[in-house]
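Labels below follow one simple rule: chain letters A, B, ... track the order of the sequence lines, proteins then strands, and each chain is numbered from 1. These values consider heavy atoms only, across backbone and side chains, with no hydrogens, waters or symmetry-generated copies.
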Protein chains: 2
Amino acid sequence: MSRHSLFHLDPKAKGSLQSQIRELLVQAILDGHLPGDSALPSCRTLAKQLGVGRNTVVIAYQTLVDEGFLLSKERSGHYVNTEISNTSLAKRKQTTSSEEVQWLDNIKITASELPHIYKPKNWRESPYPFIYGQFDPSLFPIADWRECVRESVAISAIHEWAGDRFDRDDQQLTHQIRTRLLPRRGIWANDGEILITSGTQQALYIISQLLIDQTTVVGMEEPGYYDARNVLGLAKPQFEPLAVNKGGIKITPKLCQCDLIYSTPSHHFPTTATMPLSRRRQLLKYANEYGFTIIEDDYETENNFFSAKPLPTLKSLDKYNRVLYMGSLSKTLAPGLRLGYLVGPSEFIQEARALRRLMMRHMPANNQQIIALFIKLGHYDSLIHRMHNEFKTRWEIMNTALANHLGKCADYYSSGGTSFWVKGPSWLDTEKLQRKAAQHGILIESGSVFFMQKPKICNYFRLGFSSIAQSKIEPGIKQLAEIIKDIH
Amino acid sequence: MSRHSLFHLDPKAKGSLQSQIRELLVQAILDGHLPGDSALPSCRTLAKQLGVGRNTVVIAYQTLVDEGFLLSKERSGHYVNTEISNTSLAKRKQTTSSEEVQWLDNIKITASELPHIYKPKNWRESPYPFIYGQFDPSLFPIADWRECVRESVAISAIHEWAGDRFDRDDQQLTHQIRTRLLPRRGIWANDGEILITSGTQQALYIISQLLIDQTTVVGMEEPGYYDARNVLGLAKPQFEPLAVNKGGIKITPKLCQCDLIYSTPSHHFPTTATMPLSRRRQLLKYANEYGFTIIEDDYETENNFFSAKPLPTLKSLDKYNRVLYMGSLSKTLAPGLRLGYLVGPSEFIQEARALRRLMMRHMPANNQQIIALFIKLGHYDSLIHRMHNEFKTRWEIMNTALANHLGKCADYYSSGGTSFWVKGPSWLDTEKLQRKAAQHGILIESGSVFFMQKPKICNYFRLGFSSIAQSKIEPGIKQLAEIIKDIH
């Protein structure tokens, strides 16, 4: 990069000219394009070159001197502070000196090594993203969201959310969840039984810290949600894999050995299987008789396409106070907002709140306020309604496409939600298929990551439809079928 | 409450008439004002009473039937579902049945029992809130904030923040912290050395989980920040109290026994003492020689009123890679936003990021984007500048008021920040003083909560000035002095 090209202002950039100039120079220094002790152009020269007033450059330089990026030498102009570019940055690139700490030697938890699905950052550029659980911008209620955001910057609103709340959640949001979201799931809770969380992850994390130690036996659906295993696994329990069929977790004597069971009765993750009412009752009866706690992860409950109403939640059927219920707005509104809720007995929620206070206090209060209003104004209801219709159509298109193109070689299944679970022929290595398909712009997810006891060759895979346009579904499935044929 | 008064619409309320009616009814049912099986007014009657169209009520009733709040009986109208008001809510009020779980018996962490300062929720209504670290609405940059929020609802911006980021922070925010906030503190980091946190709490929590177990010796400033003790204490270390004087942590042989030290060199919490440069160097030398890690909580660094530039941070002086640095926007922008950052060696930050992913993924991405822009446009700089001037004035007013009214009976001290640390006469029980003063609308904080080894009678207290108007300082101190006299 030539020295000259460093000094060029982007006409579309935001911010004052002065701050743009500072950013430009800081970037060049930190990136090493302006090494230590380089002389900068004089204020007059740079001002001319950028087409700005001389004073603008003078102020920018002076601020950078104050911040330590530049040194000002009398009568000879401005220079890059050697301390920054040589000492600090260059040093870091050298190999670790013997005096430096080996940080990894002391780390008690190495969560970076846990398995998880790698979702390519630029998945949106793929023509056929059968990726799961990602945000579809075409469904986001832009105008409704703007309306609520506008309210959050009124002076009175700012005064409400800006202060320190210690461990308190936004009252309005708790109220909306209690009176609008939970009753739809048959759950009648009071404020003290609801904790606002940063999504399902945080609810699981708090549960793991409060209820699990090395003596705890935790039953996990097999296959199941790998991240639930990762999070609950931090407390080092003994995991017990629980077999699943088209009715969800099977009722077997294994259940009696468990202290805690993680379950997704609404749509089993990843197969989408819905647990029938009779089995829900049986599971609860067991929970009471054998004294285990059930975590009910009630995700994608809205996307039920075969009956007017979804089945009642375990929580709504629970007479014994055995269920901890988790809901999330990630799959409906936007995952980037990180908002969910945990519902449980008030004694438990009180401890969960105290732990959350130490972990991070509370979710940002401006977002809580915006989302409360979003539900209150009925925007959430309409969003759910719109998504339901859209996903139902996509589900039908995919169902037909699978019948036409994969029906002969594969079993496929979906009881709703936003995905199909496909069992390919026994010889099909879906990890290989996933890589091959990706080369053709088709993103699918091999089933292997969902199994605690990994099969040697995994012939299951998942096809999501929450982030793919209707028109792309059929051609994508068709091409995928051809790739499978080619592999054989 | 009469039955009639339940059915009254607030003309200022938000949302459609239909959703207002639903909210009204749901509230009445959940609060028990409409017991199970009560008959509701006919659609026609209620419509007339509320002055709305009949269809609006019909739709509201129908939705409530769908949600299970109401039952519709043919030809006789709508009734409150007994299941809700009798079974679910009433049951909860009964004493726990023998079959119900004793949740607290199984809880591994009872964080609710830890000591913390009780800050009255309605402190703003007190005439003299010498409370610490609370939000002062008069300083919040409303117009600047609105500008940045507006940008965050542009379509392209929504597409950027709404999606799932797994463990990734907002690149722009990391960039702004790296190039604008950290250099001011002499710290030159790369992106991989910065983690965005939900404030200091979360940074400390992550550190506690990664670096502490029961064999770890953690040195804590005495007196010190009780919440740091609470958070680091979750991992059950052995705490070592470290004596503090007007230069911060004293350099004593005790340091050598520590594995980890929590420190607030910029302004010691709660005394505001600033650690001089020579002691900073000595502490780092010890850290290297005896192999301990230093947590540097660099809060309120901006509020330095006695020199043009604050002293260099430990992190900036650290040649041995021994310092984990924490910054926060809570004390400057707004505590309700929950935003801070942790800076450390990239190996450490990588593990911290992996753990944060399991704990809660990341901070809400819309806020990250708004705050990045806020810094980029220079609004954060101006805010700091404005706060600095305002707090300097308050500091001076308070310094004079203390000299005039408490100079004879108490020692007072402040090296900046947003508070004074006051040592009353030895007979002064400041817990009693705190209660007495509160009765006169004067909120102060007894020093006892800051001590790990609690004195029998604590004659120290803290007077904050971050949330009190200039005009209130002198009269508040004057009255406080009279209360102290009365106690004697």
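With a 4.5 angstrom heavy-atom cutoff, A/Arg150 does not touch chain B via any of its atoms. Both the backbone and the side chain of B/Pro183 come within contact range of chain A, judged by heavy atoms closer than 4.5 Å. Contacts between A/Asp167 and chain B at a heavy-atom distance below 4.5 Å are absent for every atom of the residue.
Between B/Arg338 and A/Met363, every side-chain heavy-atom pair lies at or beyond the 4.5 Å cut-off. Using a 4.5 Å heavy-atom cutoff, the side chains of A/Asn106 and B/Phe348 are not in contact.
Between A/Phe69 and B/Trp188, the two ring planes are perpendicular [angle over 60°; tilted spans 30° to 60°]. Taking the six-membered ring where the residue is Trp, B/Trp161 and A/Trp145 present tilted rings, their angle falling between 30° and 60°.
Nearest heavy-atom pair, A/Ser112 versus B/Ala354, reported as atom, atom and distance to 0.1 Å: N-CB, 3.2 Å. Residues A/Glu351 and B/Thr110 share a closest heavy-atom pair of OE1-CA, 3.0 Å. Closest approach of A/Leu358 and B/Val231 over heavy atoms only: O-CG2, 3.5 Å. Between A/Arg361 and B/Gln201 the shortest heavy-atom distance is NH2-NE2, 3.1 Å.
Judged as a side-chain hydrogen bond (donor to acceptor under 3.5 Å, both in side chains), and not counting sequence neighbours, the contacts of B/Asp136 are B/Ser138, B/Arg394. When the side-chain hydrogen bond (donor to acceptor under 3.5 Å, both in side chains) test is applied to B/Ser152, no partner is found at least two apart in sequence or on another chain.
Put simply, of B/Ala365, B/Gly378, B/Ala235, the one with the most heavy-atom pairs under 4.5 Å next to chain A is B/Ala365. Ranked by heavy-atom pairs shorter than 4.5 Å toward chain B, the options A/Thr197, A/Val149, A/Ile212, A/Leu204 are led by A/Ile212. Comparing B/Arg184, B/His159, B/Gln350 by how many heavy-atom pairs each has under 4.5 Å with chain A, the most go to B/His159. Annotation: maximal heavy-atom pairing with chain B below 4.5 Å, among A/Tyr205, A/Phe135, A/Phe166, A/Phe140, occurs at A/Tyr205. Taking chain A as the reference chain and counting heavy-atom pairs below 4.5 Å, the highest number among B/Leu339, B/Ile187, B/Thr293, B/Leu114 is found for B/Thr293.
One distance of note links CD1 of B/Ile109 with CG of A/Asp213; it measures 10.5 Å at 0.5 Å rounding.
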